[in-house]
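Every value quoted in this text rests on a predicted model; they were computed, and no experiment measured them. Residue numbers begin at 1 in each chain, while the letters A, B, ... track the order of the sequences.
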Amino acid sequence: MSVSNPLYIYNSLSRKKEVFEPLNPPFVGLYVCGPTVYSDVHLGNVRSFLTFDVVYRYLTYLGYNVRYVRNITDVGHLIDDSDEGDDKIEKRARLEKIEPMEIVQKYTNGFHDTVTQFNLIPPSIEPTATGHIVEQIEMIQRIIKNGFAYEVNGSVYFDVKKYSEKHNYGELSGRKIEDQLEQTRESLEGGNEKKFFADFAIWKNASPETIMKWDSPWGTGVPGWHLECSVMSTKYLGQAFDIHGGGMDLKFPHHECEIAQSVGADGVNPVKYWMHGNMLTVNGTKMSKSLGNSFLPHELISGDHPLLDKGYTPMTVRFFFLQANYKSTVDFSNEALQAAEKGFNRLMAGVETLNKLTPSEVSSVDVNAIISKSTESLNDDFNTPTTIAHLFDGVKTINAINDNKETINQSDLTSLQQHYKGFVFDILGLVNEKDNSSDNELSNELMDIIIDLRNQSKENKDWGTADLIRDELKKLNISIKDTKDSSTWNYEK
RNA sequence: GGUUCCGUGGCCGAGUGGCUAGGCAGUGCUCUGCAAAAGCAUCUACAUCAGUUCGAAUCUGAUCGGAACCUCCA
């Protein structure tokens, strides 16, 4: 990475783009809030994890040694955050009449399957909340020792008011707790254990019926949801680390609480760069399970959903997401997906053409412009849409070379091929799904024979037979396309 | 009500003061037995009003409209 061309990251904390400078180069610590495994992940979740997949891929591409931690929340996430009510996983377990850990396993497996379909790279460490109960208890003890938490009836709450005397609770989300004091009156009525409305549970007393619970200095209970991320990021990335990512909807209260917990326990502001991905919307409204407007990945692929005209491949969707900035909302629509599908195919065709180009003595094209423009785009806070736009400009150049309107020499060709491989496949993480012709050797050979016969008919100007073959194959979803001196075939579904 | 953000051509979606974003669709052309595909070229824009400026989609103010968060959600 050259000094003249640094990577900029939009830091939610400062609300500005900042030059990315790791705390301990060449090492980079990246923490991303993972899923709560109590139900299927939907497409909105996928978008968020995809955003940070590209971050991870690009940092790795730049040569950093990245430790990527993404947790699995398998306990402690309560139904609502008045810190009352059931644990999400336990509730689901009762519904499905199985063990909570079966729920955890089932949906963890599902999460992994889904994320693999979209070609997300697994994190370096994928820790679970239940695997770090001891560390969570230790962190609570440090917070209590520092005077930022109090115990009531076997539960421990973070003392936001006390914390705010010395620190800035709300610095990430721009909230001023004084402004919200009026909410205090109503919120504190009704026998709430909290001293202050903004206080949040870091340990919650468990009822006798609760299955997943642990012994602690404050009795039997479960850790608070916000705590696990603080604990696991500290354990695996240190008290201060480089990048913390998550969805916009986690900014408050979740990430705000993480900062408070880390500062409260260890006196260290934990994160240098906060990154927040925006939401996937459907008809302008956030995709969410509770609103019932979410797509499950298999519904998308099969097209089996009231809002979908047809199915789309995971790579089409990946490309679709990458054509929007991660900080903007993306609205899900059939038209947009169809456009993405065709655009993606065009890009893949361009890459295929690039790899078949024959070099000339001299270059008439400016390869460095294509390379530097797309690189600059990515350096501008992972601006994948402009990166892709520049890659499309490159496709135009590639086609011109292929049509002998421009020329390229060997060294330029090699650079361009490496650049496209690096950007399209390694960084954007796209996969050319069209390589389906080699699925079955027998059908390939059969098709060779059929196409050969048809070509003979064409040579004899027997158009009737040639068209009959094409029409009959079409009924089997095999489409024939004639090029100048050969024919290609493609089987769909 | 508070916090944060957005409003760009038929659709999606970049762009922060002057210079073509890009994709899809449309239109024209090339290729072609036909078809399809592909390639090339190309039209339509910056919510409204006022201001700053030689010059604004880009800065300021107001208005209208929309979203997320403030309860669990990536």
Side-chain angles (χ1 to χ4, degrees), chain A residues 12 15 32-36 38-39 41-52 77-86 88 170 172-177 179-180 182-183 187 198 225 245-254 256 276-281 284-291 294 319-320 323-325 327-347 349-350 353 373 377 380 383-393 395-396 399-400 402-403 405 458 461-463 466-467 470-471 474 479-484 487-488 490:
Chain A
S12 302
R15 301 196 182 85
V32 174
C33 290
T36 301
Y38 72 106
S39 65
V41 288
H42 65 242
L43 229 42
N45 306 115
V46 170
R47 184 191 179 203
S48 188
F49 299 126
L50 166 64
T51 294
F52 298 103
H77 206 152
L78 303 181
I79 300 293
D80 70 75
D81 190 48
S82 48
D83 291 320
E84 303 297 327
D86 288 323
K88 287 190 169 192
L172 180 65
S173 53
R175 263 159 245 265
K176 301 264 180 290
I177 52 165
D179 294 346
Q180 299 178 19
E182 50 195 82
Q183 296 177 21
S187 299
W225 172 44
M248 211 76 112
D249 49 357
L250 295 181
K251 198 191 245 185
F252 187 90
H254 185 58
E256 202 73 72
H276 290 96
N278 214 326
M279 299 294 106
L280 175 63
T281 62
T285 309
K286 176 180 173 180
M287 180 180 285
S288 93
K289 287 171 195 166
S290 50
L291 290 174
S294 56
F319 183 78
F320 168 68
Q323 271 196 304
N325 194 296
K327 294 197 297 296
S328 308
T329 55
V330 167
D331 200 60
F332 210 83
S333 72
N334 281 291
E335 284 169 315
L337 274 170
Q338 275 163 28
E341 184 174 61
K342 294 192 176 174
F344 173 61
N345 289 338
R346 180 173 151 82
L347 183 62
T353 306
K373 279 182 183 171
S377 294
D380 181 18
N383 194 335
T384 51
T386 42
T387 305
I388 289 171
H390 291 305
L391 292 173
F392 272 118
D393 284 340
V395 167
K396 213 166 267 186
N399 287 332
N402 194 42
D403 293 344
K405 290 173 185 159
K458 283 171 69 183
K461 298 208 190 304
D462 179 5
W463 310 126
D467 290 352
R470 186 171 64 197
D471 293 344
K474 189 72 195 171
S479 53
I480 297 283
K481 289 166 193 168
D482 295 340
T483 57
K484 264 178 194 149
S487 301
T488 61
N490 188 41

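Side-chain atoms of A:K481 lie closest to B:A37 of the nucleotides B:A37, B:C70, B:C34. Comparing atom distances between the A:R470 side chain and each of B:A68, B:C70, B:A35 picks out B:A35 as nearest. The A:D403 side chain lies nearest to B:G39 when the options are B:G39, B:G33, B:A74.
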> Taking protein heavy atoms under 4.0 Å as touching, what does nucleotides 13-26 of chain B look like 5' to 3' if B marks base contact, S marks sugar-phosphate-only contact and - marks none?
Replying inline: SSS-----BSBSS-

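Under the 30°/60° scheme for interplanar angles, the aromatic rings of A:F332 and A:F320 are found to stand perpendicular.
Between A:R47 atom CZ and B:A74 atom P the separation is 15 Å, expressed in whole Å.
For the pair A:K458 and B:U32, the criterion of a side-chain N or O lying under 4.0 Å from OP1 or OP2 is not met.
Annotation: B:C69 and B:C54 have their P atoms spaced 45 Å apart (nearest Å). Nucleotides B:G39 and B:C31 have their C1' atoms positioned 8 Å apart, rounded to a whole Å. When the C1' atom is compared between B:C19 and B:G23, the two are found 22 Å apart, to the nearest whole Å. Look at the C1' atom in both B:U20 and B:U42: the space between them is 12 Å, to the nearest Å. Across B:A36 and B:A74, the matching P atoms stand 46 Å from one another, rounded to whole Å. The separation of B:A41 from B:G7, taken at their P atoms, amounts to 30 Å, rounded to a whole angstrom.
Pairing each heavy atom of A:S294 with each of A:K289, the nearest pair is OG-CA, 4.1 Å. Nearest heavy atoms, A:L280 versus A:R47: N-NH1, 4.1 Å.
One cannot find a donor-acceptor pair under 3.5 Å joining the base of B:C40 and the side-chain atoms of A:N399. For B:G33, its base sits under 3.5 Å from the side chain of A:D467 at one donor and acceptor pair at least.
A cation-pi arrangement is absent between A:R346 and A:F392 under the rule of less than 6.0 angstrom and at most 45 degrees off the ring axis.
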>> As a check on the pairing definition, encode RNA chain B in dot-bracket form, counting Watson-Crick and G-U wobble pairs whose two distances are under 3.5 Å, and using | for partners outside this strand.
In response: (((((((..(((.....[...))).(((((.......)))))....(((((..]....))))))))))))....

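Taking the charged nitrogens against the carboxylate oxygens, A:K373 and A:D393 have no contact shorter than 4.0 Å, which rules out a salt bridge.
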